[in-house]
Undergrad: 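Right, I'll just put the structure down here and ask away after.
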Amino acid sequence: MRKNLLAAAAVATAVGCLALTACNDDAKSGGTGPSQLTSGKPASSPATSPAAARPTGPTGPTASGGPKGAALAFGEPSRTVGAGTVGILEITPTTVVYAKEGGRTVPQHGTFAVVTLLEKSLSANPADEEAPAKGGGWRWVAADGQSVPAGNGNAAKVVLEKYRNSGGIAPGASQVRAKVFDLTPAQARGGTIVYTDGTKSDDHWKVPAVDSGPQVAEVKQQLKP
């Protein structure tokens, strides 16, 4: 289902782009193009087709994020279906930081794991994460299989102002967001983060067991009281 929705969204974006090209060409010649006759809405910028193959590794990821159960490398992007099956959302985990406190908040279970995400809308419609209330969202799966939802324990009390973004992302635009997990010391020795999208399909990424990524210093600064 997700593959079909991603393909349909890509086709819709491509059609919009072709219409915009025709309109621009006619404007230059003084004529009236099909896009002017059928719609007054601006088309979005072209997006790469979700069917474009990514390099496949030992885990076998595909353009739709890999088969169920396959974990992508931390830092590898995956294209998912947006909230309510609208739009294409590309998600890339970029940084993980383990902390004993966040602002003036201490973790209930021992350790906060903060994961930053670069999220981009690749379709002609705004795209957003699927809400947990609708069966979507994020969870941390520890090495022993224990699953922990984002915002558990005292994690929801941790606020990183620079990463406090939410809502639909406009076509072609991107946001950097953060997810916080309240983990036991054993659970915080690396693991897997899992995102469930608008089709109830999962994407998995392996998380390093130590602070990693280009935003480590910035996240630590944000975590200071």
Side-chain angles (χ1 to χ4, degrees), residues 1-2 59-62 64-85 88-100 102 105-120 127-160 163-167 169 175-213 215 219 223:
M1 178 181 178
R2 175 165 73 168
T59 57
T62 66
S64 62
K68 186 176 180 65
L72 303 177
F74 197 76
E76 183 174 358
S78 181
R79 292 171 187 171
T80 72
V81 174
T85 68
I88 300 174
L89 187 67
E90 182 180 81
I91 302 176
T92 308
T94 55
T95 295
V96 60
V97 169
Y98 299 94
K100 296 301 181 183
T105 302
V106 295
Q108 180 179 335
H109 303 296
T111 305
F112 287 131
V114 181
V115 178
T116 64
L117 310 159
L118 175 62
E119 300 189 359
K120 183 176 182 178
D128 194 10
E129 293 181 3
E130 188 64 86
K134 295 187 177 181
W138 291 88
R139 65 186 188 274
W140 178 288
V141 180
D144 63 1
Q146 290 181 313
S147 181
V148 177
N152 70 307
N154 289 334
K157 300 177 183 179
V158 178
V159 178
L160 293 87
Y163 304 99
R164 200 175 184 179
N165 295 308
S166 62
I169 302 173
Q175 288 183 0
V176 181
R177 302 182 177 186
K179 302 298 173 183
V180 185
F181 304 87
D182 191 334
L183 307 175
T184 66
Q187 292 169 339
R189 295 171 183 164
T192 303
I193 51 171
V194 182
Y195 172 67
T196 303
D197 72 7
T199 66
K200 305 303 183 287
S201 296
D202 293 340
D203 287 281
H204 307 67
W205 290 266
K206 295 296 293 182
V207 185
V210 297
D211 296 352
S212 304
Q215 296 151 323
V219 170
L223 289 171

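As the structure is a computational prediction, the values presented were derived from the model and not from experiment.
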Undergrad: Taking the side chain as everything from C-beta on, heavy atoms only, tell me whether V158 gets closer than 4.5 Å to L223.
TA: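 The answer is yes, as the side chains (C-beta and beyond) meet within the 4.5 Å cut-off.
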Undergrad: Side chain of E119, backbone of V176: donor and acceptor closer than 3.5 Å?
TA: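 Checking the backbone N and O of V176 against the side chain of E119, no donor-acceptor pair under 3.5 Å is found.
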Undergrad: Quick check on side-chain contact (heavy atoms from CB on, under 4.5 Å): which of L117, L72, V115 does W205 satisfy it with?
TA: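 Among the candidates, only L72 passes.
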Undergrad: Does the side chain of F181 come within less than 4.5 Å of I193's, by heavy atoms?
TA: yes
Undergrad: Do T80 and I88 make a side-chain contact, defined as non-hydrogen atoms from C-beta onward lying under 4.5 Å apart?
TA: no
Undergrad: Stepwise, does the side-chain contact (heavy atoms from CB on, under 4.5 Å) test hold for T199 with T85?
TA: CA-CA 6 Å; T199 66; T85 68; 4.3 Å; yes
Undergrad: Answer whether the closest heavy-atom distance between the side chains of F112 and N154 falls below 4.5 Å.
TA: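 Counting from C-beta outward, F112 and N154 do come under 4.5 Å.
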Undergrad: Whether the side chain of Y195 engages the backbone of E130 through a donor-acceptor N/O pair (distance < 3.5 Å, no angle test) should be reported.
TA: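 Checking the backbone N and O of E130 against the side chain of Y195, a donor-acceptor pair under 3.5 Å is found.
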Undergrad: Using the salt bridge (Lys or Arg N to Asp or Glu O under 4.0 Å) criterion, which residues pair with E90? Sequence neighbours excluded.
TA: R79
Undergrad: Who passes side chain to side chain donor-acceptor pair (under 3.5 Å) against T95, sequence neighbours left out?
TA: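 Here the qualifying residues are Q215.
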Undergrad: For a 4.5 angstrom cut-off between non-hydrogen side-chain atoms, does T116 reach L160?
TA: no
Undergrad: Please examine the side chains of I91 and S78, heavy atoms only from C-beta on, and report whether any two atoms are closer than 4.5 Å.
TA: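 Result no, sub-4.5 Å side-chain heavy-atom pair not found.
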Undergrad: Tell me, please, which residues at least two apart from T111 pass side-chain contact (heavy atoms from CB on, under 4.5 Å).
TA: Y98, K100, A188
Undergrad: Using residues 138-146 as the side-chain source, report each donor-acceptor pair under 3.5 Å to any protein atom, sequence neighbours left out, with the distance given to one decimal.
TA:
unit_1	atom_1	unit_2	atom_2	d
W138	NE1	E129	OE1	3.4
W138	NE1	E129	OE2	3.2
R139	NH1	T196	OG1	3.4
R139	NH2	D202	OD2	3.4
W140	NE1	Q187	O	3.1
D144	OD1	Q146	N	3.0
Q146	OE1	Q187	NE2	3.0

Undergrad: Could you tell me whether the side chains of T92 and T94 share a donor-acceptor contact shorter than 3.5 Å?
TA: no
Undergrad: Do L183 and V148 pass the side-chain contact (heavy atoms from CB on, under 4.5 Å) test, and can you show the C-alpha distance, the side-chain angles, and the key distance before you say yes or no?
TA: CA-CA 8 Å; L183 307 175; V148 177; 4.1 Å; yes
Undergrad: Does the D182 side chain pair with the main chain of H109, one donor and one acceptor, at a distance under 3.5 Å?
TA: yes
Undergrad: Between Y163 and V219, is there a side-chain heavy-atom distance shorter than 4.5 Å?
TA: yes
Undergrad: Output all residues satisfying side-chain contact (heavy atoms from CB on, under 4.5 Å) with N165, sequence neighbours left out; order by chain, then residue number.
TA: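 side-chain contact (heavy atoms from CB on, under 4.5 Å) check on N165 returns Q175, R177.
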Undergrad: If I compare all heavy atoms of V114 with all of A178, which pair ends up nearest, and what's the gap?
TA: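 Closest approach of V114 to A178: CG1-CB, 4.4 Å.
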Undergrad: Which pair of heavy atoms, one from A150 and one from K179, lies closest together, and at what distance?
TA: CB-CB, 4.4 Å
Undergrad: Look at the side chain of D128 and the backbone N and O of A83, then say whether any donor-acceptor pair between them is shorter than 3.5 Å.
TA: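 No, because the side chain of D128 does not come within donor-acceptor range (under 3.5 Å) of the backbone of A83.
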Undergrad: Within this structure, what is the CD-CG distance for the pair E76 and D203, rounded to the nearest 0.5 Å?
TA: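 Here the rounded value is 10.0 Å.
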Undergrad: Mind checking side-chain contact (heavy atoms from CB on, under 4.5 Å) for P208 and listing every partner two or more places apart, or none if nothing turns up?
TA: F74, V96, S212
Undergrad: Looking at P107 and A99, what are the two nearest heavy atoms and their distance?
TA: CG-O, 4.5 Å
Undergrad: Measure the shortest side-chain to side-chain distance between K120 and I169 over non-hydrogen atoms and say whether it is less than 4.5 angstrom.
TA: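 Heavy-atom side-chain distance check fails, nothing below 4.5 Å.
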